[in-house]
Amino acid sequence: KGTPAQKAGLVSGDKVLAVDGENVVGKGLEYVVSKIKGQAGTRVVLTVEREEQPGLLEFTLIRENIQIEVIEYDMLDENLGYIRLNTFSRTAGKEFRKALTDLKAQGMEGLIFDLRDNPGGYLNSALDIAADFADKGETLLYVIGRDGLKDETQSLSDALNIPTVVLVNGGSASASEIVAGAIQDLEKGVLVGTKTFGKASVQTVFELSNGGALKLTTAKYLTPGEQVINGIGLTPDYIVEDIEAQLDKALSILKEQ
């Protein structure tokens with residue numbers, strides 16, 4: 001929100017095929033990102049392919065120094081609170097609890113937690129927020145390696161105990177899926193939207209003698225109900241394709257509760 005990409009008209013799901021006319025199909029992610037990034041105030045032209053739209057689209061972006069707003073929140077109608085988390089920054093847990101405190105003071109009796117297009121971030125922040133929904137001692141997450149052994153993380157605090165609907169979509173990934181999966185499996189709320197991205201792997205960097213490094217996937221995350229997220233994603237309790245209808249569905253669910 002408020003970034004050069006949004007201002008230019010790019011949307012989540014657009015596939016970048018060229019940067020300043022250079023074909024980047026098949027090029028490494030870091031290389032492509034290095035071409036897109038640059039000095040604030042300079043221009044970059046992206047050629048993209050958009051699903052269900054014929055032909056290629058071209059967008060001109062003016063680069064800026066981007067500061068992502070971590071959290072947005074407000075009271076909606078009938079004592080229902082709304083929190084949108086844009087990224088799991090280091091401070092996300094603290095900011096999430098501040099939002100909860102402010103909304104409770106305004107009479108919040110139900111919560112819409114919006115994780116749509118949240119690509120993730122710090123695992124500790126995800127567990128911090130997931131713990132707000134879990135009872136003390138409940139499992140938040142399993143980590144399973146190729147040896148089949150499981151490590152688990154449990155909540156150390158009491159649950160929020162408020163009717164909750166979590167909004168998710170194909171852009172909800174990694175830490176977002178860990179939190180949404182915990183809420184769904186522990187029956188602390190329901191998911192509304194479309195299937196999530198499916199990224200929940202543990203990667204380890206091994207240093208090499210020549211000064212290089214090797215990054216390998218060494219384990220995967222499982223939800224409390226042992227759902228496999230990686231490569232699969234989470235299936236919402238209520239599948240709603242239309243973006244505007246997703247919020248309406250969340251409101252109707254909470255009003256019924």
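- Checked against side-chain contact (heavy atoms from CB on, under 4.5 Å), Ala182 has the following partners two or more places apart in sequence or in another chain: Ala130, Pro224.
- Salt bridge Lys136/Asp158: absent, no basic N to carboxylate O contact under 4.0 Å.
- Pairing each heavy atom of Glu109 with each of Pro163, the nearest pair is O-CD, 3.4 Å.
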Which pairs of donor and acceptor atoms, one on a side chain in residues 248-257, lie under 3.5 Å apart (sequence neighbours left out)?
unit_1	atom_1	unit_2	atom_2	d
Ser252	OG	Lys249	O	2.8
Lys255	NZ	Asp77	OD2	3.2

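- No side-chain heavy atom of Leu29 sits less than 4.5 Å from a side-chain heavy atom of Tyr31.
- Not counting sequence neighbours, Ser201 has no partner by the side-chain hydrogen bond (donor to acceptor under 3.5 Å, both in side chains) test.
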Fill in: Stepwise side chain to side chain contact (heavy atoms under 4.5 Å, CB included) test for Ile62 and Thr42
CA-CA 6 Å; Ile62 305 300; Thr42 59; over 6 Å; no
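- Between Leu76 and Ile112 the shortest side-chain heavy-atom distance falls below 4.5 Å.
- The CG atom of Leu140 sits 13.0 Å away from the OH atom of Tyr221 when rounded to the nearest 0.5 Å.
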Practice prompt. Begin from the C-alpha positions of Lys15 and Val48 and carry the test side chain to side chain contact (heavy atoms under 4.5 Å, CB included) through to its verdict.
Written response: CA-CA 5 Å; Lys15 296 179 180 178; Val48 308; 5.9 Å; no
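- Residues satisfying the salt bridge (charged side-chain N to carboxylate O under 4.0 Å, His left out) test with Asp132, not counting sequence neighbours, are Arg97.
- Residues passing the side-chain contact (heavy atoms from CB on, under 4.5 Å) test with Lys37, sequence neighbours excluded: Val33.
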Item to complete: Please step through side chain to side chain contact (heavy atoms under 4.5 Å, CB included) for the pair Leu46 and Ile36, ending with a clear verdict.
Response: CA-CA 8 Å; Leu46 302 183; Ile36 295 174; 4.0 Å; yes
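- Residue Leu17 holds its CG atom at 5.5 Å from CD of Glu49, rounded to the nearest 0.5 Å.
- Rounded to the nearest 0.5 Å, atoms CG (Asp74) and CG (Leu103) are 7.5 Å apart.
- Atoms OG1 and CG, on Thr47 and Asn23 in that order, are 9.5 Å from each other to the nearest 0.5 Å.
- Taking the six-membered ring where the residue is Trp, Phe133 and Phe113 present parallel rings, their angle staying beneath 30° rather than reaching 60°.
- The side-chain heavy atoms of Ile66 and Ile68, taken from C-beta on, include a pair separated by under 4.5 Å.
- Checked by atom type, the side-chain pair Asn86/Glu69 shows no donor-acceptor distance below 3.5 Å.
- Residues Met108 and Leu100 meet the side-chain proximity criterion, which asks for heavy atoms closer than 4.5 Å.
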List the atom pairs, donor and acceptor, that lie under 3.5 Å between side-chain atoms in residues 187-196 and the rest of the protein, sequence neighbours left out.
unit_1	atom_1	unit_2	atom_2	d
Lys188	NZ	Asp135	OD2	2.8
Thr196	OG1	Glu177	OE2	2.7
Thr196	OG1	Leu234	N	2.6

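- Contact record, Asp237 with Gln184: OD2-NE2, 3.3 Å, taken as the closest heavy-atom pair.
- A search for side-chain contact (heavy atoms from CB on, under 4.5 Å) contacts involving Thr101 returns nothing, not counting sequence neighbours.
- For Lys27, the salt bridge (charged side-chain N to carboxylate O under 4.0 Å, His left out) partners are Glu22, not counting sequence neighbours.
- Counting only heavy atoms from C-beta outward, the side chains of Val202 and Val143 approach each other to under 4.5 Å.
- Counting only distance, with no hydrogens or angles, the side chain of Asp20 and the backbone of Val45 share a donor-acceptor pair below 3.5 Å.
- Taking CD1 of Ile129 as the reference point, atom CD1 of Ile178 lies at 11.5 Å (rounded to 0.5 Å).
- Between Leu80 and Leu111 there is no side-chain heavy-atom pair separated by less than 4.5 Å.
- Atom NZ in Lys215 sits 4.5 Å away from atom CD in Gln203 (nearest 0.5 Å).
- For the side-chain contact (heavy atoms from CB on, under 4.5 Å) test, residues two or more places apart in sequence or in another chain that qualify with Lys98 are Tyr73, Asp102.
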Fill in: Criterion side chain to side chain donor-acceptor pair (under 3.5 Å) on Ser155 and Glu138, from CA distance to verdict
CA-CA 6 Å; Ser155 174; Glu138 285 190 309; over 6 Å; no
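- Heavy atoms of other residues, nucleotides or ligands lying less than 6.0 angstrom from CD of Glu207 number 12 at most.
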With a cut-off of 3.5 Å and sequence neighbours excluded, list every side-chain donor-acceptor pair involving residues 115-123.
unit_1	atom_1	unit_2	atom_2	d
Arg116	NE	Asp114	OD1	3.0
Arg116	NE	Asp114	OD2	3.4
Arg116	NH1	Ile243	O	3.4
Arg116	NH1	Gln246	OE1	2.9
Arg116	NH2	Asp114	OD2	2.8
Asp117	OD1	Ser12	OG	3.0
Asp117	OD1	Asn169	ND2	3.3
Asn118	OD1	Gly120	N	2.9
Asn118	OD1	Ser176	OG	3.2
Asn118	ND2	Leu85	O	2.8
Tyr122	OH	Arg90	NE	3.3
Tyr122	OH	Arg90	NH2	3.2

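- Across all non-hydrogen atoms, the minimal contact from Asn79 to Gly107 is CB-O, 3.3 Å.
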Donor-acceptor pairs are to be reported for all side-chain atoms of residues 51-61 against protein atoms at under 3.5 Å, with residues two or more places apart or in another chain.
none

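- Counting heavy atoms from C-beta outward, Ile239 and Glu241 have side chains that approach closer than 4.5 Å.
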Practice prompt. I would like to know whether Thr87 and Ser89 meet side chain to side chain donor-acceptor pair (under 3.5 Å); could you show each step before the answer?
Written response: CA-CA 6 Å; Thr87 182; Ser89 67; over 6 Å; no
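- What you find for Ala213 and Val205 is that their closest heavy atoms are CB-CG1, 3.8 Å.
- In this structure, the side-chain hydrogen bond (donor to acceptor under 3.5 Å, both in side chains) partners of Lys150, at least two apart in sequence or on a different chain, are Glu226.
- Annotation: side chain of Ile71 is not in contact with side chain of Arg84 (no heavy-atom distance under 4.5 Å).
- Within 6.0 Å of the CD1 atom in Ile232, the count of heavy atoms belonging to other residues, nucleotides or ligands exceeds 12.
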